[in-house]
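One structure is given here, and the rest of the page talks about it.
We number each residue from 1, following the sequence as shown. Predicted model only: the values in this text are computed from it and were never measured.
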Amino acid sequence: MSPSVTNGTTFKPVTHVIFDMDGLLLNSEECYHKVDLAVIGQFGKAVPDHLKLEILGYSDMDCAKKIVEICELPITTEEYAKEAKKYTHLLKDVKLLPGAERLIRHLAKHNIPIAIATSSSNTSVQAKIHNHQELFSLFHHMVMGSSDPEVTKGKPHPDIFQICARRFPDNPDPEQCLVFEDAPNGVTAARKAGMQSVLVPDENLPMERRKNATLVLNSLLEFEPEKFGLPPF
């Protein structure tokens, strides 16, 4: 698939960039799959092939709720979440996805304000960036939806992106912010927040679930900053 503009959308210049993290910057989905296998396997259940796409972009507790329901586990959402925390150490091996480091360093080098808006909790985020501390120190701030008291509604609600934008020192207008996401929920949240979005989806994500993004790419390596008024590589 070649890079595509959706819905005939035209690009507007931006000044600030907000990134999701899991499945976009970090290949954490593979690590989460290991966690799910470990917990779900305790009950003699298999992980359905479609589970990954069903839980994309949700908060930790919403993911736990969906997993319990989809896999028909004989435990509560809270019990699943508690059990999953025992395997947090598996998240420390997460690797960066192609193009992530290049884009982050490029924007930081040109003093473009960047931040993270992830549905994950502080505990899991700290585990995942364990081997990438210096790179993630380049972000002005991080909003972690599963543990931030201000984020009362997770994606696809716009709250996390609105809060993230407000925490930049100059409190930019929504139209000045560009959101990078890998999940339809995140794209919907960005759209509701009045922000443009770049979607880098899982290759198995159906085409109809990609349509709300401003731009769809196969990889961050394909991103051309100048299209949104940002300094070119």
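Applying the ring pair (Phe, Tyr, Trp, His ring centres under 6.0 Å) criterion to His141, with sequence neighbours excluded, gives Phe168. Annotation: side chain to side chain contact (heavy atoms under 4.5 Å, CB included) contacts of Leu135 (sequence neighbours excluded): Leu96, Glu101, Ile104, Arg105, Leu138. The side chain to side chain contact (heavy atoms under 4.5 Å, CB included) test applied to Pro48 returns His50, Leu51, Ile70, Cys71, not counting sequence neighbours. Not counting sequence neighbours, Ser197 has no partner by the side-chain hydrogen bond (donor to acceptor under 3.5 Å, both in side chains) test. The side chain to side chain contact (heavy atoms under 4.5 Å, CB included) search around Lys95 returns none, not counting sequence neighbours.
We find that Glu78 and Lys82 are not joined by a salt bridge, their nearest charged nitrogen and carboxylate oxygen being 4.0 Å or further apart. In summary, Lys155 and Asp62 do not engage in a salt bridge, as defined by a charged side-chain N under 4.0 Å from a carboxylate O.
Taking hydrophobic clusters as Ile, Leu, Val, Met, Phe, Trp and Tyr residues chained together by side-chain heavy-atom distances below 4.5 Å, Leu107 does not share a cluster with Val179. In this structure, Leu24 is a member of the same hydrophobic cluster as Val14, with clusters built from ILVMFWY side-chain heavy atoms closer than 4.5 Å. In the hydrophobic clustering of this structure, Leu215 does not group with Ile18; members are Ile, Leu, Val, Met, Phe, Trp, Tyr whose side-chain heavy atoms approach within less than 4.5 Å, directly or through other members. Under a hydrophobic clustering in which Ile, Leu, Val, Met, Phe, Trp and Tyr are joined whenever their side-chain heavy atoms come within less than 4.5 Å, directly or via other members, Val198 and Phe19 fall into the same cluster.
Few gaps surround CD on Glu134; more than 12 heavy atoms of other groups in view lie less than 6.0 Å from it.
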Exercise answer: donor-acceptor pairs, residues 156-163 side-chain atoms, under 3.5 Å, sequence neighbours excluded:
none

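Neither side chain, Lys85 nor Thr123, offers a donor N or O lying under 3.5 Å from an acceptor on the other. Side chain to side chain, Tyr80 and Asp36 meet the donor-acceptor criterion of an N or O pair below 3.5 Å.
A heavy-atom distance below 4.5 Å is not found between the side chains of Ser121 and Met144. For the pair Asp182/Asp202, no side-chain contact is recorded, criterion being any heavy-atom separation below 4.5 Å from C-beta on. Looking only at side-chain heavy atoms (C-beta outward), Asp22 and Lys128 come within less than 4.5 Å of each other.
In this structure, Phe228 and Phe11 have tilted ring planes: the angle between them lies in the 30° to 60° band.
Listed here is the closest heavy atom pair of Phe136 and Leu25: CE2-CD1, 4.2 Å.
Side-chain atoms of Asp148 come within 3.5 Å of backbone atoms of Glu150 as a donor-acceptor pair (strictly under, hydrogens ignored).
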